[in-house]
Trainee: 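The structure is given below, and queries will be raised subsequently.
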Amino acid sequence: MTATGPSGDELLRVLGTLANPHRLRIVAALRAERTYVSQLARELGISRALLQLHLRKLEAAGLVSATLELSEDGKAMKFYEVKPFLVELSPDTIAAAAPTLTTPTSVKAASVTPEPGDEGERP
């Protein structure tokens, strides 16, 4: 993110990553304290494999970080913690970010499925 705000791609990456209930719960749990995968999986009631998938996505988006540490018995343990972040979402933020998008802007109207109630509306 720049001093003037996130680029369009950064905004999409962060919002897309957070648009999942598991990942929101993970961020909330890590806000309290850093922890390792097995403990966090037990706390959230999800499998370690599923948790690892979501942690990788959060790490790729720059929202969490991981450090590998050795336990007292010599086992390697990966600890995760939330990285400080702030996402301001407003029409102005979106307007500033939109011109910086590198994703394709030409999507055929026929390939877009309208939301219920939007069938007859055109922008």
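Because the structure is predicted, anything quoted here is derived from the model rather than measured.
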Trainee: Please examine the side chains of F85 and L18, heavy atoms only from C-beta on, and report whether any two atoms are closer than 4.5 Å.
Mentor: yes
Trainee: Is there any ring pair (Phe, Tyr, Trp, His ring centres under 6.0 Å) pair reaching into residues 39-68, and which pairs are they, with sequence neighbours excluded?
Mentor: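 For residues 39-68: H22-H54.
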Trainee: So, do R23 and T17 sit near enough that their side-chain heavy atoms are less than 4.5 Å apart?
Mentor: yes
Trainee: Using only heavy-atom distances, determine whether the side chains of D9 and S7 contain a donor-acceptor pair under 3.5 Å.
Mentor: no
Trainee: Are F79 and L40 co-members of a hydrophobic cluster defined by side-chain heavy atoms under 4.5 Å apart?
Mentor: no
Trainee: Using the side chain to side chain donor-acceptor pair (under 3.5 Å) rule, collect all pairs that involve residues 91-100, keeping only residues at least two apart or in two chains.
Mentor: S90-T93
Trainee: Closest heavy-atom contact between E43 and A29?
Mentor: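 Reported closest heavy-atom pair: OE2-CB, 3.5 Å.
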Trainee: For L70, which residues count as a side chain to side chain contact (heavy atoms under 4.5 Å, CB included) partner, sequence neighbours excluded?
Mentor: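 Result, side chain to side chain contact (heavy atoms under 4.5 Å, CB included) vs L70: A76.
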Trainee: Using the side chain to side chain donor-acceptor pair (under 3.5 Å) criterion, which residues pair with R48? Sequence neighbours excluded.
Mentor: none
Trainee: Going through the checks in order, is the side-chain contact (heavy atoms from CB on, under 4.5 Å) test met by E81 and V64?
Mentor: CA-CA 6 Å; E81 63 187 331; V64 302; over 6 Å; no
Trainee: What pairs of residues pass the salt bridge (charged side-chain N to carboxylate O under 4.0 Å, His left out) test when at least one of them lies in residues 58-69, not counting sequence neighbours?
Mentor: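 Counting only pairs at least two positions apart or across chains, the salt bridge (charged side-chain N to carboxylate O under 4.0 Å, His left out) contacts touching residues 58-69 are R34-E69.
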Trainee: Any idea which heavy atoms bring A41 and L51 closest together, and the distance?
Mentor: N-CD2, 3.4 Å
Trainee: Quick one: list whatever passes side chain to side chain donor-acceptor pair (under 3.5 Å) with Q39, sequence neighbours left out.
Mentor: T35
Trainee: Between V37 and M77, is there a shared hydrophobic cluster once you connect ILVMFWY residues whose side-chain heavy atoms come closer than 4.5 Å?
Mentor: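 No, V37 does not connect to M77 through the hydrophobic network.
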Trainee: For the residue pair V82 and L58, establish whether any side-chain heavy-atom pair is separated by less than 4.5 Å.
Mentor: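 Counting from C-beta outward, V82 and L58 never come under 4.5 Å.
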Trainee: Establish whether L44 and Y36 are linked, either directly or via other cluster members, by ILVMFWY side-chain heavy-atom contacts under 4.5 Å.
Mentor: no
Trainee: Taking all non-hydrogen atoms of both residues, which atom of A97 and which atom of L11 are closest, and how far apart?
Mentor: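 Between these two residues, the closest heavy atoms are CB-CD2, 4.1 Å.
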